[in-house]
Amino acid sequence: MDTTVKALDTNGPVTAATLVATDLQPFLHDAVVTLYAPSFVISRPDGQLGGGADGFYHGDSRALSHLTVTAGSIALAPVVGGLRGADRADFRAILRGLGEVTPDPAVALNRRRTVASGRLEESFEVTNAGTQRVGFRLTVTAGTDLAPMERVKTGHAPDPVPAREEGGAGPGGSGLAWSRDGFAVRLVSEPAPDALEASEGRLSFDVELAPGASWTATLRCTAAHADGDQFPAAPADAVPWRTPALRSADRRFDQWLDQSVADADRLRLVDPRSAEGTGGVDQFLAAGAPWFLTLFGRDSLWAARMLLPLGTELAAGTLRTLARRQGAVADPDTEEQPGKILHEVRRSTQNFNEAFAVPPVYYGTVDATPLWITLLHDSWRWGLAPEQVEQLLPHTESALAWIRDQAAEADDGFLRYVDRTGRGLANQGWKDSGDAIRHRDGRLADPPIALCEVQAYAYEAARGGAALLRAFGRPGADVWEEWAEGLATRFRKRFWVEDARGAYPAVALDRDGRPVDSVTSGFGHLLGTGLLNQEESAALAARLTGPDLDSGHGLRTLSSDSVGFNPYGYHIGSIWPHDTAIAVHGLVRAGFPDAAASLAAGLLTASAGFAGRLPELFAGHGAEAGPRPAPYPASCRPQAWAAASSVLVLRSALGLDADVPGGTVTVAPAFAGAYAPLTVTGLQVGGARLDIALAADGTVNTTAPEGLTVVSA
């Protein structure tokens, strides 16, 4: 997803003064993010909210931008703080000098945070473990700018909105309230504050504590849009997958999976249109917090695909949610086209700057359409009910037609993209920042651009679509298989280039059909799709494990040998966990488990550096620069496909695949022996539970659903 970059308007060199005057995207690398989509909180490590992107958010709007606690002139010394799950966090601090008669601290503040949809609860507990009676004034200061997300992202938030005092019935009494443009926020306290200064946003409490006593106050903040949530929170008790339990010889792997599944749980959103057609609730994963907490075609599809070993319900909800919004007309303003799957949905137009604006429903993506088809095919193989598959086949045929028409529109028969609006995304694959697609010498590629991985997605979609059409007795399967083979032949002729290390596919073809010859992580997206032969796959496996791409913490998006490589570059040197996980899976599918094991080990090491919550991306310095990866400061965390990557890596390690229509499930451990003894329970295939145990000696014991034969290679 694009990270907004504001161009510097200067005729001279960039100076410190220039930068001060420029709006910069806020950094998040040291933030604590508590999440319950469509709401979340960003705070400092000590729990305070104030500055940058800090705040309580709901539905792409900032409900609170400031929430701090002070104790008069007494210093609050943070001791420890952090997450307790996905939607809760605790922060402890010492009130320095208060009640102390020895070097030991005496009075402590424990701040507990819980987030739910449209609701933030902050509990402040002060305990006196000293021998003296103490008294002080505790003050909570709250404020907000009610900023839309894109204003926060560009670093240019509006002025604060004044608070007003508002009475309320029941516990909490009076409180503070803010509202603008149909977005209303209310903050109340229990007990009521001893003093309330609405103009300053201050709630003050006079605290008196005897030795051994404690005092507690709870603040509750609610936020709501007048027209309701665009995509409401999913019911807490309707998780659309089985929750797996992994116990391995490497506890980092266990922690990574546990945290990832917990984060995915809190990224769940509901399509409000779902009741119209299914009688149930269709769920999907929002892309990530804070910048992308909404429906994104590509991200939601990849995340659902990665999570298929946990069940097909999320995939079905994602497919139907996107199918309801599948393109029906040609609209140059939104880039909608018949059969096309959308890129993102927002509450309103996002106006980042004069040159970059995205409409509320935006179709500027070249890869979501083939990925939709492949997810339906893979879901069918993992056991999605035939009647649910069949309901989506008309959408499949429309998506296939879009692929065919887009390829036919280009002289060379490849899927290409170009921003026809002049204000949208310049690049429309997953590497969608403006400088992502470049030649080896650093020159940017000219659009229309044909990405290498998009051709692989189209090949896989055509083959998968053909299999679906044939299985359900619909015409066209032979035609699509022939089309796929023609694409593979064209790809082999046009994309492959060569350097001193041998042949490899260019990242793209530019406007004039010239190969864009940079070496990138995109190789991993080609493996296992069927587009390549064994010799070509072997060449890419060797490339992916070279030190210029394999950093020891995952794959760099751009080779460190390339001109323009930047370890902090969004798509030109950074490391994206989902990108590496896709390569791991592709390597296993293509028959190169040792190469996959190396990349998976690096990703596992990186996960430990982020306490099991891998971010959207991180810096590409690599293991030689230090044992812990450096963060990309503005990265989303948590992020859907980063979280789902843990399941894809586990699947790859186990050599796990499913063919429910064919009556088989494959368990052929590729590199899982590195984590043995290993037991994973609570996987799902064909709607029933699947458990796998791998002993230290390599013995595999699988408990599979009745009617499925376990195949081992």
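Atoms considered below: every heavy atom in the structure, side chains included; atoms not considered: hydrogens, waters and symmetry mates.
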- Taking Arg62 for the side chain and Gly55 for the main chain, is one N or O donor matched with an acceptor at less than 3.5 Å? no

- Message: If you apply the rule side-chain hydrogen bond (donor to acceptor under 3.5 Å, both in side chains), what do you find for Arg113 with Ser43, and how did you get there?
- Response: CA-CA 11 Å; Arg113 174 174 302 147; Ser43 78; 2.9 Å; yes

- Residues forming a side-chain hydrogen bond (donor to acceptor under 3.5 Å, both in side chains) with His621, sequence neighbours excluded: none

- Look at the aromatic rings of Phe296 and Phe292 and report parallel, tilted or perpendicular, splitting at 30° and 60°. perpendicular

- Test: Asp145 and Arg151 ion pair at under 4.0 Å: no

- Item | Flag side-chain contact, heavy atom, 4.5 Å: Val134 against Glu208 | no

- Note on the structure: Residues at least two apart in sequence or cross-chain that pass side-chain hydrogen bond (donor to acceptor under 3.5 Å, both in side chains) with Tyr675, listed by chain then number, are none

- Query: Out of curiosity, Leu146 CG to Asp181 CG, how far, rounded to the nearest 0.5 Å?
  - Reply: 8.5 Å

- Item | Residue list, side chain to side chain contact (heavy atoms under 4.5 Å, CB included) with Glu125, at least two apart or on another chain | Asn110, Arg112, Thr127, Ser214, Thr216

- Message: Whether the Thr139 and Ser204 side chains hold a donor-acceptor pair (N or O, under 3.5 Å, no angle test) is what I'd like checked.
- Response: yes

- For Val358 and Thr349, run side-chain contact (heavy atoms from CB on, under 4.5 Å): C-alpha distance rounded to whole Å, both residues' side-chain angles, the deciding distance at 0.1 Å, then the answer. CA-CA 6 Å; Val358 176; Thr349 296; over 6 Å; no

- Message: Within this structure, what is the CG-CG distance for the pair Asp229 and Leu269, rounded to the nearest 0.5 Å?
- Response: 9.0 Å

- Query: Is the distance between the ring centroids of Tyr568 and Tyr632 less than 6.0 Å?
  - Reply: no

- Side-chain heavy-atom pair Leu28, Ile42 within 4.5 angstrom cut-off: yes

- Item | Pairs satisfying ring-ring contact (aromatic ring centres under 6.0 Å, His included), at least one member in residues 36-62, at least two apart | Phe40-Tyr57

- Query: Within the distance-only criterion (no hydrogens, no angle test), does the side chain of Thr144 pair as donor or acceptor with the backbone N or O of Ala63 below 3.5 angstrom?
  - Reply: yes

- Task: Indicate yes or no for a side-chain donor-acceptor contact from Trp641 to the backbone of Glu616 under 3.5 Å, with no hydrogens or angles considered.
- Result: no

- Message: Measuring only between side-chain heavy atoms, which start at C-beta, is Asp271 closer than 4.5 Å to Leu295?
- Response: no

- Item | Atom pair CG (Leu120) and CD (Glu122), whose distance is rounded to the nearest 0.5 Å | 5.0 Å

- Query: Given Ser645 and His578, is the side-chain hydrogen bond (donor to acceptor under 3.5 Å, both in side chains) satisfied, shown in steps?
  - Reply: CA-CA 5 Å; Ser645 294; His578 88 282; 6.0 Å; no

- Under the 3.5 angstrom rule, does the side chain of Ser39 hit a backbone N or O of Ser117 as a donor-acceptor pair? no

- Should we count CZ of Arg628 as having more than 12 external heavy atoms under 6.0 Å? no

- Item | Glu197 (side chain) donor-acceptor with Glu200 (main chain) under 3.5 angstrom | no

- Evaluate side-chain contact (heavy atoms from CB on, under 4.5 Å) for Val107 paired with Ile94, printing each intermediate quantity in order. CA-CA 6 Å; Val107 182; Ile94 301 299; over 6 Å; no

- Message: Test side-chain hydrogen bond (donor to acceptor under 3.5 Å, both in side chains) on Arg111 and Gln48; report intermediate values, then the result.
- Response: CA-CA 10 Å; Arg111 180 174 184 171; Gln48 305 279 48; 2.7 Å; yes

- Task: Verify the neighbour count for atom CZ of Phe565: are there more than 12 heavy atoms of other residues, nucleotides or ligands below 6.0 Å?
- Result: yes

- Query: Can you check whether Gly620's main-chain N or O pairs, donor with acceptor, with Arg556's side chain at less than 3.5 Å?
  - Reply: yes

- If only atom types and distance count, is the side chain of Asp46 paired as donor or acceptor with the main-chain N or O of Pro78 below 3.5 Å? no

- Message: Applying side chain to side chain donor-acceptor pair (under 3.5 Å) as the test, list every pair that has at least one member in residues 95-107; sequence neighbours left out.
- Response: none

- Do Thr141 and Val69 touch side chain to side chain, with heavy atoms closer than 4.5 Å? no

- Could you tell me whether a side-chain N or O of Ser551 sits under 3.5 Å from a main-chain N or O of Gly554, the two making a donor and an acceptor? yes

- Message: Is it true that His571 and Ser433 share a donor-acceptor pair across their side chains at a distance under 3.5 Å?
- Response: yes

- Here the ring-ring contact (aromatic ring centres under 6.0 Å, His included) pairs for residues 210-240, sequence neighbours left out, are Phe183-His225, Phe205-Trp215, Phe231-Phe284

- Query: Which residue pairs pass the ring-ring contact (aromatic ring centres under 6.0 Å, His included) test when at least one of the two sits in residues 103-144, sequence neighbours left out?
  - Reply: none

- Query: Ala640: what forms a side chain to side chain contact (heavy atoms under 4.5 Å, CB included) with it, not counting sequence neighbours?
  - Reply: Leu267, Leu285, Ala303

- Item | salt bridge (Lys or Arg N to Asp or Glu O under 4.0 Å) contacts touching residues 74-90 (sequence neighbours left out) | Arg84-Asp90, Asp87-Arg266

- Validation row: Val647, Met306 side chains within 4.5 angstrom (heavy atoms): no

- Positive for salt bridge (Lys or Arg N to Asp or Glu O under 4.0 Å) with Asp60, one of Arg347, Arg346, Lys153: Arg346

- Message: Given 3.5 Å as the limit, does a donor-acceptor pair link the side chain of Asp258 with the main chain of Ala262, or not?
- Response: no

- Close side-chain approach of Trp576 and Tyr570, heavy atoms under 4.5 Å: yes

- Report the distance from atom CG of Asp206 to atom CZ of Arg137, rounding to the nearest 0.5 Å. 4.0 Å

- What pairs with Gln283 under side-chain hydrogen bond (donor to acceptor under 3.5 Å, both in side chains), at least two apart in sequence or on another chain? Arg268

- Task: Give a yes or no on whether Arg242 atom CZ has more than 12 heavy-atom contacts from other residues, nucleotides or ligands under 6.0 Å away.
- Result: yes

- Are Trp302 and Trp430 close enough that their ring centres sit under 6.0 Å apart? no

- Message: Using the side-chain hydrogen bond (donor to acceptor under 3.5 Å, both in side chains) criterion, which residues pair with Arg637? Sequence neighbours excluded.
- Response: none

- Message: In the structure I gave you, are the side-chain heavy atoms of Cys221 and Leu187 within less than 4.5 Å of one another anywhere?
- Response: yes

- Task: Starting at OG of Ser248, measure out to CG of Asp254 and round the result to the nearest 0.5 Å.
- Result: 4.0 Å

- Side chain to side chain, Arg186 and Thr222, heavy atoms closer than 4.5 Å: yes

- Would you give the length of the straight line joining atom CG of Leu257 to atom OG1 of Thr243, rounded to the nearest 0.5 angstrom? 9.5 Å

- Could you tell me whether the side chain of Ser574 and the main chain of Pro567 form a donor-acceptor pair under 3.5 Å? no

- Note on the structure: Residues passing the side chain to side chain contact (heavy atoms under 4.5 Å, CB included) test with Ala608, sequence neighbours excluded, are Arg252

